[in-house]
2 protein chains.
Amino acid sequence: MLTNRQLLVLQVIIDEFIQTAQPIGSRSIAKKEDVSFSSATIRNEMADLEEMGFIEKTHSSSGRVPSEKGYRFYVDHLLSPFRLSKSDLNIITDTFEKEMVEFEQVVQKSAQVLSNLTNYTSIILGPEVFETKLKQLQIISLSAHTAVAILVTNTGHVEHRSFSVPAKIRPSDLEKMVNILNERLVGVPIIQLHEKLSTEIALLLHSYMEDVDLAYQYLQSAFFDEQQVKLYVGGKTNILMQPEFKDIEKIRSLYSVIEQEDEIADLLRAATGGLKVSIGQENKIDAMQDCSLITATYSLGDNQLGTIALLGPTRMEYSRVISLLNVLSSRLTKTFHSWY
Amino acid sequence: MLTNRQLLVLQVIIDEFIQTAQPIGSRSIAKKEDVSFSSATIRNEMADLEEMGFIEKTHSSSGRVPSEKGYRFYVDHLLSPFRLSKSDLNIITDTFEKEMVEFEQVVQKSAQVLSNLTNYTSIILGPEVFETKLKQLQIISLSAHTAVAILVTNTGHVEHRSFSVPAKIRPSDLEKMVNILNERLVGVPIIQLHEKLSTEIALLLHSYMEDVDLAYQYLQSAFFDEQQVKLYVGGKTNILMQPEFKDIEKIRSLYSVIEQEDEIADLLRAATGGLKVSIGQENKIDAMQDCSLITATYSLGDNQLGTIALLGPTRMEYSRVISLLNVLSSRLTKTFHSWY
DNA sequence: GTTAGCACTCTTATCTAACGAGTGCTAAAT
DNA sequence: ATTTAGCACTCGTTAGATAAGAGTGCTAAC
């Protein structure tokens, strides 16, 4: 295992590198207040740390840089709880004190605050619809052959979709159908909607009217074709400020992953309770090999609602960022909780 | 005025530069098939063209590069109608042949197609709501003190907003209010809604019930606080592929303008009928000094619905891009027309 | 076990020289 | 009066060479 001195040296190297983005030399460590050994001693320790894989050289006579293993160790064992500044906390508090009653609004604001405070890119997934239930379903005819279907959940989320109405189906049929659907489906969790719709309700409708198949198909496609969960991204341009991304090719590939959305969404969806840090190659996505992704979840009761994440270079201010995420995710949880 | 030969030389220089992004020398022009003069003659013409401000040198002994004035002249007088390739046209046709019944869907797809075909960034504004009328207004109570208001237009556009209901207001009041509003407002153009709401309707409501002020205020804020018109941006990362944007600072400032949205939205909103090209400094926005913005509008009858634009470096494939925009804007116009 | 000292390595910055693309001008050719 | 060939000159780019500086690893002394 590592001696206390080695721990100290490793800590200083990583702390320093996170701030400066420059390789750290033995002399600059020796100058630190809480270090009382000579640079030579530190060089010896550094050689050991390198052998163990916690730090690396960029070339044969350069200072040391944390390796991914080093970051991993740092995150797992060396993180001192970070005291967020008052102004940071105030900014968060202010944001949540504004009257907000919509899921989306809260989530979007959170993403914004997070990226503003960190200079990284924030990505928020959610909220998932576990707990949400159908409040009302409506179909409004726009013209002879078009209509818009609107689905409202008890959380105030509104989903809508236009579709063209086949000539065979009369407006009265539509109305009848909606009535039946509402009768049967109001209060049903959204997540069960698809299943319910395709089994019992389909049969039920059938017995009430003809030609319902087609309309039903449309309805089905209206709400369940595309993924429901949205990704809120904040501070995309922050990445450009990080010195490790001066290479345009890197930026390009990273941006296209972010804009792709689905890969990232899968990643965030996979995140489970608590806070998780993925460093460099621990991320499966190619373009993120030089990045760290920190994810935290927020929930309502026992149900995980969504994920809140920060994407930055592996050289991240882990300590501060983790504190921020903790505060924000509990804040989200609290806010949503207060609504029900 | 310019002689025919000068026109030819200018044309070749700009065409070539647009393709290669490299300064063009006299020798390479002389080698062109449709040029039958020596490089010395061309050098003389180039000196004249430079004196007139159409081309520039990057340094004292470099080849020539188009100036903004040169691009302006090129766009105004030298553009040969570009024949779009069959595959380009097919891609557009295919896109519009897919069943789409929603404004937003069409616009978003268009932005996507446009950026895919061009390697520039597409920005689409709209559609404005001139012609659209209120189809239905609804307020659905979610809980004792929250509700969601939904506004549906005859175009299938759905706007919604959650708000908290003051304790003073009973659900039955809300219902009454909605009924009155629908009675009075259905069919009213969205654009007049704000005004109507604040004058006659406010009075009317007042006579029917007490405590309506508050509810009315909420309703008001629900739909008219934020700008209605949305910006659809496609191919943001395309900018990164242009050699003129290898400087990260430039990218940063350009991206922040794009993400700001409001400045760009104003710019696009100002665009009036037909196709317009803004080259370099003709753009008022600082970060766009090295860019060209090409805007085209689409409309429904006499009403301009929105703007469709392409953002790229001043060294743009004007000819091709203009043809594409023309096709797409008329396609949009046609599509929307077919819906009414 | 710790540290001072020193040779060695590698990066970075600066300078120089050579090369080449391209121009502008002059004088000859058409 | 144009057009063109020829040539000197300019400037950017590239490659090498040199020097400075930061930092290491090792050895020997403390």
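Quick note on labels: first sequence line is chain A, next is B, and so on, each numbered from 1. Small disclaimer: the values here were computed from a predicted structure and weren't measured.
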Give the nucleotide from the list [options] with an atom nearest to the side chain of [X].
{"X": "A:A47", "options": "C:dT23, D:dG25, D:dT24", "value": "D:dG25"}
{"X": "B:H59", "options": "D:dA5, D:dC11, D:dG25", "value": "D:dC11"}
{"X": "A:R5", "options": "C:dT2, C:dC10, C:dA21", "value": "C:dT2"}
{"X": "B:S61", "options": "D:dT24, D:dA5, D:dT10", "value": "D:dT10"}
{"X": "A:M46", "options": "C:dT3, D:dT24, D:dT4", "value": "D:dT24"}

Next item on the list: For A:P23 and for A:A40, locate the closest nucleotide of DNA chain D by heavy-atom distance; then report the residue assigned to the nucleotide nearer the 5' terminus.
Entry: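 Per heavy-atom nearest nucleotide, the more 5' residue is A:P23.
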On the nucleotide [N], are OP1 or OP2 found under 4.0 Å from the side-chain N or O atoms that [X] carries?
{"X": "B:R64", "N": "C:dG24", "answer": "yes"}
{"X": "B:K57", "N": "C:dA21", "answer": "no"}
{"X": "A:S60", "N": "C:dC10", "answer": "yes"}

Can you check the [X] [atom1] to [N] [atom2] distance for me, whole Å?
{"X": "A:E51", "N": "D:dT24", "atom1": "CD", "atom2": "P", "value": "16 Å"}
{"X": "A:I42", "N": "C:dG1", "atom1": "CD1", "atom2": "P", "value": "18 Å"}
{"X": "B:E50", "N": "C:dG22", "atom1": "CD", "atom2": "P", "value": "15 Å"}
{"X": "B:I55", "N": "C:dG24", "atom1": "CD1", "atom2": "P", "value": "9 Å"}
{"X": "B:N44", "N": "D:dG6", "atom1": "CG", "atom2": "P", "value": "16 Å"}
{"X": "A:R43", "N": "D:dG23", "atom1": "CZ", "atom2": "P", "value": "11 Å"}
{"X": "B:R27", "N": "C:dG24", "atom1": "CZ", "atom2": "P", "value": "16 Å"}
{"X": "A:Q22", "N": "C:dC10", "atom1": "CD", "atom2": "C1'", "value": "15 Å"}

Next item on the list: Indicate yes or no: does B:K284 engage B:E263 in a salt bridge with an N to O separation below 4.0 Å.
Entry: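 So B:K284 does not pair with B:E263 through a salt bridge.
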Is it the case that atom [atom1] in [X] sees more than 12 heavy atoms from other parts of the structure closer than 6.0 Å?
{"X": "B:Q19", "atom1": "CD", "value": "no"}
{"X": "B:K276", "atom1": "NZ", "value": "no"}
{"X": "B:R72", "atom1": "CZ", "value": "yes"}

Notebook entry, point to check: Which is true for B:T41 with a 4.0 Å heavy-atom rule: it touches a base, it touches only sugar-phosphate, or it touches nothing?
Noted result: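 B:T41: base contact, heavy atoms under 4.0 Å.
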Next item on the list: Kindly determine whether B:S38 and B:T41 satisfy side chain to side chain donor-acceptor pair (under 3.5 Å), including the steps that lead there.
Entry: CA-CA 5 Å; B:S38 74; B:T41 308; 3.2 Å; yes
